[in-house]
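Since the structure is predicted, the reported quantities are computational estimates derived from the model, not experimental observations. Naming: A, B, ... by sequence-line order, numbering from 1 per chain.
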Amino acid sequence: MSKEFIVYNTLSRKKEVFKPITPGYVGMYVCGPTVYGEAHLGHARPAITFDLLFRYLKSQGNKVRYIRNVTDVGHLVNDADEGEDKIEKKARLEQLEPMEVVQHYTLSYHKNMEQLNTLPPSIEPRATGHMMEQIDAVKKILENGYAYEANGSVYFDVEKYSQDHDYGKLSGRKLEDLLENTRELSGQSEKRNSADFALWKKADKHVLMKWDGPWSEGVPGWHMECTAMSTKYLGQKFDIHGGGSDLKFPHHEAEIAQSVSAYGSESVNYWMHNNLITINGQKMGKSLGNFITLNEMFSGSHDLLEQAYSPMTVRFFMLQAHYRSTLDFSNEALQAAEKGLDRLMKAVELVGKLNASEKSSVDVAKLMDDVYTAMSDDLNTPIALAHLFEGVKWINAIHAGHQTISAQDIEELKSFLNTIVFEVLGLKIEEEAAAGGDEKLGQTIELLLKLRGEAKARKDWDTADQIRDELKAIGVIVKDVKDGFEWELAE
RNA sequence: GGUCGGUUGGCCGAGCGGCUAGGCAGCGGUCUGCAAAACCGCGUACGGCGGUUCGAAUCCGCCACCGACCUCCA
């Protein structure tokens with residue numbers, strides 16, 4: 001079902017009709033992780049948001065090139081001259097080669113992303129693999145007069161840029177305000193202006209991660225990699241750039257300035273930003289030390305967690321809120337998500353078992369339209385899910401004999417749910433030992449339940465209840481339905 | 001201090017001028033030998049004070065509180 005796609009563009013602060021540069025083809029670039037630590041709940045938000053966008057755009061018939069970078073150098077601990085590279089610092093503390101740190105956390109990130117059922121991006125470029133491209137871009141900016149060299153480092157000249165362009169247009173900042181907020185960080189004397197940012201940073205002798213550049217042995221500034229790599233793989237003009245809202249300034253603002261300075265025009269048509277995960281109303285983040293890693297979520301090993309939450313519970317939890325809203329973490333909310341997801345998935349499984357009637361008392365076409373309309377409105381997953389739960393209600397009601405559905409509508413609904421739930425929303429069934437998982441176990445349970453059925457038939461309630469209770473103790477939940485039984489494994 | 005955003009029923013979370021959002025929890029009922037599941041019904045929420053309007057959670061103003069960004073952060 002194809003609909004006009006509406007996206008909220010951070011640049012215009014409005015919802016806009018999405019028009020790809022080349023109809024049918026979409027290029028999107030999303031800021032990925034700096035791999036110096038384990039991924040936490042906060043990393044899951046953009047990953048899931050833009051995975052959803054990727055899946056949605058593909059479901060609408062687009063061919064999508066999705067680029068998500070891995071930052072493996074150049075991200076300094078702070079802005080001061082002695083600011084150490086985050087990865088190198090971690091390597092020093094752990095007595096590892098920086099690339100060992102990179103490798104370790106990249107693999108860990110990939111594993112977590114796979115658990116969350118996010119599709120791998122089309123290309124996942126690394127900063128260290130694109131030194132030439134970054135150096136070239138810095139050269140261009142220098143040639144065009146928007147940067148200056150100082151003592152082996154190169155800085156972007158924000159004041160100069162502001163004379164010709166609007167620095168701050170994305171994040172709503174004014175240069176005067178930025179200049180007023182002078183932070184007296186030591187060692188910033190190289191910069192002409194406190195608002196200037198490094199494009200190339202000369203490295204100290206003892207620094208391990210450094211490259212031969214035209215200006216010194218050093219590293220590219222953090223903002224450079226995205227400009228260089230997005231241009232390389234998507235061109236100087238592309239459709240969508242995404243990332244966490246905390247990256248708007250300075251990171252994305254700097255990217256815009258770099259593109260304009262290097263190539264003469266802005267490269268991004270639609271900027272999309274996911275909001276942050278909060279915990280007790282406060283941003284969850286490394287700098288605040290209040291983050292929960294994904295591994296901790298999945299295993300329940302964190303003081304704030306009352307239990308483990310599965311990857312799909314986390315994904316569903318995030319889908320229940322709009323991506324531009326903050327989402328507050330709490331055990332209560334996660335538990336609600338777990339149950340809601342369970343109800344949805346059970347209904348999806350139940351569709352195939354429904355009995356067809358002559359006519360439908362439910363309107364499948366309207367349901368489909370409602371869901372796709374919600375998705376097309378800036379990926380409004382909470383609304384889409386609300387409609388899907390209407391479908392859940394129908395399915396259960398049909399199963400209970402209160403509503404009817406035609407054979408054709410069953411097929412329609414089944415195929416629709418498979419598409420929207422599994423392919424677009426990216427949910428999956430995650431019971432490890434579901435009914436078909438272990439055939440012998442299934443047969444054994446069925447045998448016991450058959451015996452229980454016979455006990456019930458002769459009104460031997462004690463035996464019937466004993467079988468049910470003891471199965472429950474083992475972790476098999478028995479549900480009687482008319483003319484038989486159903487069972488499932490407890491979590 | 002500057003810029004931006006938020007404050008919705010027990011919890012989470014949509015809505016953005018009139019129409020039941022939804023999930024979870026709770027209450028009542030149906031079904032059932034009992035239970036579970038499911039189904040049906042129930043809550044009359046929109047930070048405060050004014051204003052605009054026939055009508056405001058939704059628009060405007062003021063106030064209060066919370067948060068994000070302005071260093072690094074998804």
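Within a 6.0 Å sphere centred on NZ of A:Lys393, heavy atoms belonging to other residues, nucleotides or ligands number 12 at most.
Looking at A:Asn331, its side chain has no donor and acceptor atom pair within 3.5 Å of the base of B:C11. With hydrogens and angles ignored, no donor-acceptor pair under 3.5 angstrom links the side chain of A:Arg468 to the base of B:A36. Remark: the A:Asp328 side chain and the B:G13 base include no donor-acceptor N/O pair separated by less than 3.5 Å.
Taking CE of A:Met113 as the reference point, atom CZ of A:Arg68 lies at 6.5 Å (rounded to 0.5 Å). Distance OG1/A:Thr128 to CG/A:Asp72: 3.5 Å, rounded to 0.5 Å.
Following rounding to the nearest Å, A:Ile477 (CD1) and B:A38 (P) show an atom-to-atom distance of 12 Å.
Under the ring pair (Phe, Tyr, Trp, His ring centres under 6.0 Å) criterion, A:Trp200 pairs with A:Trp215, not counting sequence neighbours. By the ring pair (Phe, Tyr, Trp, His ring centres under 6.0 Å) test, A:His110 pairs with no residue at all, sequence neighbours left out. Every salt bridge (Lys or Arg N to Asp or Glu O under 4.0 Å) that A:Lys479 has, sequence neighbours left out, goes to A:Glu488. Shown here are the ring pair (Phe, Tyr, Trp, His ring centres under 6.0 Å) partners of A:Phe54, two or more places apart in sequence or in another chain: A:Tyr66.
Note on A:Thr326: only backbone sugar-phosphate atoms sit closer than 4.0 angstrom, heavy atoms only; bases stay farther off. Counting non-hydrogen atoms under 4.0 angstrom, A:Asn396 reaches the backbone sugars and phosphates but no base. Nucleic acid contact for A:Asp469: none, since no nucleic acid atom lies under 4.0 Å from a heavy atom of the residue. If you check every strand for non-hydrogen atoms under 4.0 Å, A:Thr278 touches nothing.
For RNA chain B, runs of at least 3 consecutive pairs of the Watson-Crick or G-U wobble type, with both hydrogen-bonding distances under 3.5 angstrom, map to B:1-7 with B:64-70, B:10-12 with B:22-24, B:26-30 with B:38-42, B:47-51 with B:59-63.
No donor-acceptor distance shorter than 3.5 angstrom exists from the side chain of A:Asn380 to the backbone of A:Met375, with no hydrogens or angles considered.
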Taking only nitrogen or oxygen atoms into account, show me every contact under 3.5 Å that the protein makes with nucleotides 20-24 of chain B, one pair per line with its distance.
residue: B:G23; atom: OP1; partner: A:Arg343; partner atom: NH2; Å: 3.2
residue: B:C24; atom: OP1; partner: A:Arg343; partner atom: NE; Å: 3.2

